[in-house]
Amino acid sequence: MDLHKEDDRGSAKQKKVKIVFVIGGPGSGKGTQCKRIAQQFGYTHLSVGEILRQEISSGSETGSMIQKIMKEGKLVPSDVTVRLLQQAMQGINSDKFLIDGFPRNEENVKAFEDLTKMEPEFVLYLDCPQDEMEKRLLSRNEGREDDNVETIRKRFKVFMESTLPTIEYYESKGKIRKVDAGKSVDEVFESIKVIFSQGKDYNKVPPSRHKCKCLIL
Ligand SMILES: Nc1ncnc2c1ncn2[C@@H]1O[C@H](COP(=O)(O)OP(=O)(O)O)[C@@H](O)[C@H]1O
Ligand SMILES: Nc1ccn([C@@H]2O[C@H](COP(=O)(O)OP(=O)(O)O)[C@@H](O)[C@H]2O)c(=O)n1
Ligand SMILES: [Mg+2]
């Protein structure tokens, strides 16, 4: 994928596309905060969950496979997810992408790195207590098939088992920017604004203080 764009004069000099991943448990407020970040900081917001739900709506065979997996609270195979994400990015003329709900496991990370040869500038981690996330999901009212107690609990398990290791991986690279997402929408956004305003050195977790026991990429 060539996501490197020419500069304004159309010369061969390449302009780098900036990517920020936004991760956090189900109901931590990723979609809510991404809308605000996109508006205030000029990012293009892409929700990977939305991209997958659009594929379901298209009625394709891939869509029905995705639907079954989502209903179970499991993760869609990374080759499918990253291909759809890549297509969405290529269809938009932007040099700043906010990618919501990605990566969710080691396979997502590897597929993205292999296919795009790109790395995120940083990874915003919305850290929220589970009981608060459950409460939010049960009153989300978006008609989602996966917002029921049974599937929500499975999604929490997937988050703990598969997504947390990716957070450790990015911590080891000094790329995690963590915020307390258990507060009000406005309070969370205040913390996020500081991160996006101050650039990559804010709230950096020194890599040496964290062991990365899990990811061999
Ligand atoms: N800080 C917050 N406090 C209370 N409710 C919130 C907060 N952030 C989001 N919500 C609500 O919780 C639900 C889940 O938020 P959403 O942004 O969809 O989370 P995610 O994309 O991480 O699953 C939505 O109904 C949203 O309006
Ligand atoms: N990288 C991703 C993102 C979402 N998904 C699937 O899509 C579902 C919904 O993702 P989402 O990001 O819209 O969910 P929320 O965390 O926003 O509630 C997940 O539970 C997975 O089944 C995936 O498999 N891989
Ligand atoms: Mg969401």
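Order of listing sets the numbers, starting from 1, for every ligand and every atom in it. All values below come from the heavy atoms of this structure, side chains included, with hydrogens, waters and symmetry mates left out. This chain uses plain numbering: 1 for the first residue, then up along the sequence.
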N/O to N/O below 3.5 Å, does that happen between Asp100 and ligand 1?
no
Return yes or no for this condition: an N or O of Glu132 is under 3.5 Å from an N or O of ligand 1.
no
Given that the side chain starts at C-beta and the backbone is N, CA, C, O, which of these parts of Ser47 lies under 4.0 Å from ligand 1, counting heavy atoms, or is it both or neither?
neither
Would Arg136 count as a polar contact of ligand 1, with the cut-off being nitrogen or oxygen pairs under 3.5 Å?
yes
For atom 14 (C) of ligand 1, the protein heavy atom that lies nearest, with its residue and separation
Arg140 CD, 3.9 Å
Any carboxylate oxygen within less than 4.0 angstrom of a Lys/Arg side-chain nitrogen, looking at Arg53 and Glu50?
yes
Contact (N/O only, under 3.5 Å) between Asp100 and ligand 2
no
Assess whether a salt bridge exists between Arg140 and Asp147, defined as any Lys/Arg side-chain N lying under 4.0 Å from an Asp/Glu carboxylate O.
yes
Below 3.5 Å, N or O to N or O, backbone or side chain included: is there any such pair between Phe102 and ligand 2?
no
Gly25 neighbourhood, listing ligand 1 atoms whose heavy-atom distance to it stays under 4.0 Å:
22 (O)
With heavy atoms and a 4.0 Å threshold, my read on which part of Lys183 contacts ligand 1 is backbone
Is Arg140 in contact with ligand 2, taking contact as a heavy-atom separation below 4.0 Å?
yes
Examine Arg53 against ligand 2 and note whether any of their N/O atoms are separated by less than 3.5 Å.
yes
Enumerated ligand 2 atoms positioned under 4.0 Å from heavy atoms of Pro26
16 (O)
If you compare Asp186, Leu126, Thr32, Leu137 by their heavy atoms, the one closest to atom 9 (C) of ligand 1 turns out to be Thr32
Do Glu55 and Ser60 get their side chains close enough for a donor-acceptor pair, meaning under 3.5 Å?
yes
With heavy-atom distances below 4.0 Å as the criterion, list the atoms of ligand 1 near Gly31.
17 (O), 21 (O)
Apply ring pair (Phe, Tyr, Trp, His ring centres under 6.0 Å) to residues Tyr125 and Tyr170 and explain how you reach the verdict.
CA-CA 10 Å; Tyr125 169 33; Tyr170 285 116; over 10 Å; no
Go through ligand 2 atom by atom and flag the ones less than 4.0 Å from a non-hydrogen atom of Val76.
23 (C), 24 (O)
Should Val185 be counted as touching ligand 1, given the test is an N or O pair under 3.5 Å?
yes
Under 3.5 Å donor-acceptor, Lys30 side chain and Gly24 backbone
yes
Less than 4.0 angstrom from a charged side-chain N to a carboxylate O is my criterion; do Glu132 and Arg136 meet it?
yes
Lys30 neighbourhood, listing ligand 2 atoms whose heavy-atom distance to it stays under 4.0 Å:
15 (P), 16 (O), 17 (O)
Report whether Met160 and Leu137 are members of the same hydrophobic cluster (ILVMFWY, side-chain heavy atoms less than 4.5 Å apart, transitive linking).
no
With nothing but distance in play, are any N or O atoms of Gly27 less than 3.5 Å from an N or O of ligand 1?
yes
Which of Phe21, Phe112, Tyr169 passes side chain to side chain contact (heavy atoms under 4.5 Å, CB included) with Pro103? It is Phe21
Taking the side chain as every heavy atom from C-beta outward, state whether Asp95 and Lys16 have any pair of such atoms under 4.5 Å apart.
no
Go through ligand 2 atom by atom and flag the ones less than 4.0 Å from a non-hydrogen atom of Gly101.
1 (N), 2 (C), 3 (C)
Below 3.5 angstrom, do we get any N/O pair linking Gly29 and ligand 1?
yes
For ligand 2, the portion of Val48 having any non-hydrogen atom under 4.0 Å away
side chain
Charged N to carboxylate O below 4.0 Å: is that the case for Lys157 and Glu161?
yes
Candidate list Gln67, Met65, Lys71, test side chain to side chain contact (heavy atoms under 4.5 Å, CB included), partner Ile69, passing option:
Met65
Donor-acceptor pair, Arg155 side chain versus Glu150 backbone, under 3.5 Å?
no
When you compare ligand 2 with Asp146, is there at least one nitrogen or oxygen pair between them that comes in under 3.5 angstrom?
no
Lys96 side chain to Phe41 backbone, donor-acceptor under 3.5 Å:
yes
Contacting atoms of ligand 2, where contact means under 4.0 angstrom from a heavy atom of Asn108
1 (N)
At less than 4.0 angstrom from any non-hydrogen atom of Leu75, what atoms of ligand 2 do you find?
23 (C), 24 (O)
Carboxylate-amine/guanidinium proximity below 4.0 Å for Arg36 and Asp186:
yes
Measure from the side-chain N and O atoms of Thr166 to the backbone N and O of Asn105, and report whether any donor-acceptor pair falls under 3.5 Å.
no
Examine the side chains of Gln54 and Ser57 and answer whether a donor and an acceptor come within less than 3.5 Å of each other.
no
Could you tell me the residue and atom name of the protein heavy atom closest to atom 6 (C) of ligand 2, and the distance to it rounded to 0.1 Å?
Leu52 CD1, 3.7 Å
Atoms of ligand 2 less than 4.0 Å from Gly49 heavy atoms?
10 (O), 11 (P), 13 (O)
Which is it for Arg144 and ligand 2 at heavy atoms under 4.0 Å: side chain, backbone, both or neither?
side chain
Nearest neighbour of atom 25 (N) of ligand 2 from the list Arg104, Lys68, Glu142, on a heavy-atom basis
Arg104
Establish, yes or no, whether the cationic atom of Lys175 lies under 6.0 Å from the six-membered ring centre of Phe122 and within 45° of the ring axis.
no
Sub-4.0 Å heavy-atom contact, Ser184 with ligand 1:
yes
Mode of Val158 contact toward ligand 2 - side chain, backbone, both, neither (heavy atoms, under 4.0 Å)
neither
Out of Lys74, Arg155, Met70, whose heavy atom sits nearest atom 8 (C) of ligand 2?
Met70
Keeping the roles fixed (side chain from Glu171, backbone from Ile176), state whether a donor-acceptor pair exists under 3.5 Å.
no
